[in-house]
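In what follows, a single structure is set out as structure tokens and then discussed.
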Amino acid sequence: MQKTPQVKLLAWLLLLPVFCLVQPANGYDKEMTVYVDARKTECLYHSVKQGETIDFEYQVIDGGHGDLDISFTLLDPIGLVIVSDLKKPENMHRHDVEKEGDYRFCFDNSFSMINRKTVFFELIVEREGDQHHGDTQWNEDLADLTPDEYYDMKVQDIMDFIGRIRLQLNKARQLQDMLRSHEARDRNLAETNFQKVNHWSMLQISAMIGVGLIQVFMLRSIFETHGRMHHLWRKLGI
């Protein structure tokens with residue numbers, strides 16, 4: 001049975017949430033947390049095609065007992081350095097790909113002697129115009145509509161609106177991911193400071209108890225006339 005244009009339009013409108021949330025088929029979005037040991041370098045590879053755009057953002061969320069910093073390098077398929085960061089806590093980069101191949105993303109913690117670093121990063125690879133991916137199929141399904149019906153329904157406006165919503169949702173999700181990474185970093189800092197305060201407090205308490213015991217022992221030795229310390233004090237002229 002042939003579907004009417006109104007039924008087709010209704011079906012597309014019911015699928016609006018799906019189009020808003022689904023990522024483009026030819027795009028790539030990856031979030032990951034990696035551990036970079038002291039005196040080590042960790043590299044990740046991803047194949048990128050010419051004409052695509054690389055968006056890369058990273059943040060050090062845990063530095064062990066050291067600083068929250070890491071060195072980062074982005075290299076193209078032939079090994080040329082595109083981006084180089086030296087001991088930074090966080091940064092973001094955007095690169096338009098001109099050479100197709102495997103791009104290398106390296107985190108360098110070789111400057112740290114004992115502290116392992118925990119790094120959160122997000123890699124997005126997309127092609128210009130991906131936000132309108134799927135419009136062709138939509139147009140094919142609505143090709144049998146008359147120009148008047150197509151104009152009245154303003155389907156093109158709906159498609160543009162969906163694309164804008166999808167972009168805004170992606171930006172909101174990226175912001176939420178970065179806020180979570182900031183929260184993880186702040187929590188790690190708070191826990192590290194809490195441990196330092198506890199250790200320092202235990203050291204001070206131990207020192208106070210030790211000093212108190214020594215004072216009690218010294219006072220008792222002064223007033224005990226038959227003790228060994230009393231004879232020692234007399235020899236010393238105290």
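Residue pairs that meet the salt bridge (charged side-chain N to carboxylate O under 4.0 Å, His left out) test with at least one member in residues 100-125, sequence neighbours left out, are Asp69-Lys117, Glu122-Arg173. Listed by first and then second residue, the disulfide (SG to SG under 2.5 Å) pairs involving residues 40-69 are Cys43-Cys106 (not counting sequence neighbours). For residues 78-88, the side chain to side chain donor-acceptor pair (under 3.5 Å) pairs, not counting sequence neighbours, are Tyr58-Asp85, Asp85-Asn91, Asp85-His93. Within the structure, salt bridge (charged side-chain N to carboxylate O under 4.0 Å, His left out) contacts touching residues 198-215 (residues at least two apart or in different chains) do not occur.
Note: Asp96 CG to Glu52 CD = 11.0 Å, rounded to the nearest 0.5 Å. Here the OG1-CD1 distance, from Thr118 to Ile70, works out to 9.5 Å after rounding to the nearest 0.5 Å. Rounding to the nearest 0.5 Å gives a distance of 10.0 Å between OG1 of Thr33 and CD of Gln59.
Checked against salt bridge (Lys or Arg N to Asp or Glu O under 4.0 Å), Lys40 has no partners two or more places apart in sequence or in another chain. By the salt bridge (Lys or Arg N to Asp or Glu O under 4.0 Å) test, Asp67 is found to be paired with no residue, residues two or more places apart in sequence or in another chain being considered. In terms of the salt bridge (Lys or Arg N to Asp or Glu O under 4.0 Å) criterion, Glu57 has no residue partners (sequence neighbours excluded). Looking at residues two or more places apart in sequence or on another chain, you find no ring pair (Phe, Tyr, Trp, His ring centres under 6.0 Å) involving Phe120. In terms of the ring pair (Phe, Tyr, Trp, His ring centres under 6.0 Å) criterion, His95 has no residue partners (sequence neighbours excluded).
Taking the six-membered ring for Trp and thresholds of 30 and 60 degrees, Phe105 and Phe72 have nearly parallel ring planes, at less than 30 degrees apart.
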Identify every side-chain donor-acceptor pair in residues 200-210 under 3.5 Å, counting partners at least two apart or on other chains, and give the distances.
| residue | atom | partner | partner atom | Å |
| --- | --- | --- | --- | --- |
| Ser201 | OG | Val197 | O | 2.7 |
| Ser206 | OG | Met202 | O | 2.9 |

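None of Val125, Ile124, Asp29 except one satisfies the side-chain contact (heavy atoms from CB on, under 4.5 Å) rule with Asp55; the exception is Ile124.
No single ILVMFWY cluster, assembled from side-chain heavy atoms under 4.5 Å apart, contains both Tyr103 and Leu75.
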Problem set entry | Derivation and outcome, side-chain contact (heavy atoms from CB on, under 4.5 Å), residues Asn109 and Thr41 | CA-CA 6 Å; Asn109 193 31; Thr41 300; over 6 Å; no
For this session: Could you give me the CA-CA distance, side-chain angles and deciding distance for Leu44 and Met32, then say whether side-chain contact (heavy atoms from CB on, under 4.5 Å) is met?
Result: CA-CA 11 Å; Leu44 303 98; Met32 187 178 296; 4.0 Å; yes
For this session: May I have the step-by-step check of side-chain contact (heavy atoms from CB on, under 4.5 Å) for Arg94 and Ile54, ending in yes or no?
Result: CA-CA 6 Å; Arg94 183 178 180 90; Ile54 297 175; over 6 Å; no
For this session: Show your working on ring-ring contact (aromatic ring centres under 6.0 Å, His included) between Phe121 and Phe56 and close with a plain yes or no.
Result: CA-CA 7 Å; Phe121 73 87; Phe56 192 86; 5.4 Å; yes
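More than 12 heavy atoms of other shown residues, nucleotides or ligands fall within 6.0 angstrom of atom CZ in Phe111.
Grouping Ile, Leu, Val, Met, Phe, Trp and Tyr residues whose side-chain heavy atoms lie under 4.5 Å apart, directly or via other members, places Ile78 in a hydrophobic cluster with Leu80. Side-chain heavy-atom separations under 4.5 angstrom define the hydrophobic clusters, and the remaining members of the one that includes Ile114 are Met113.
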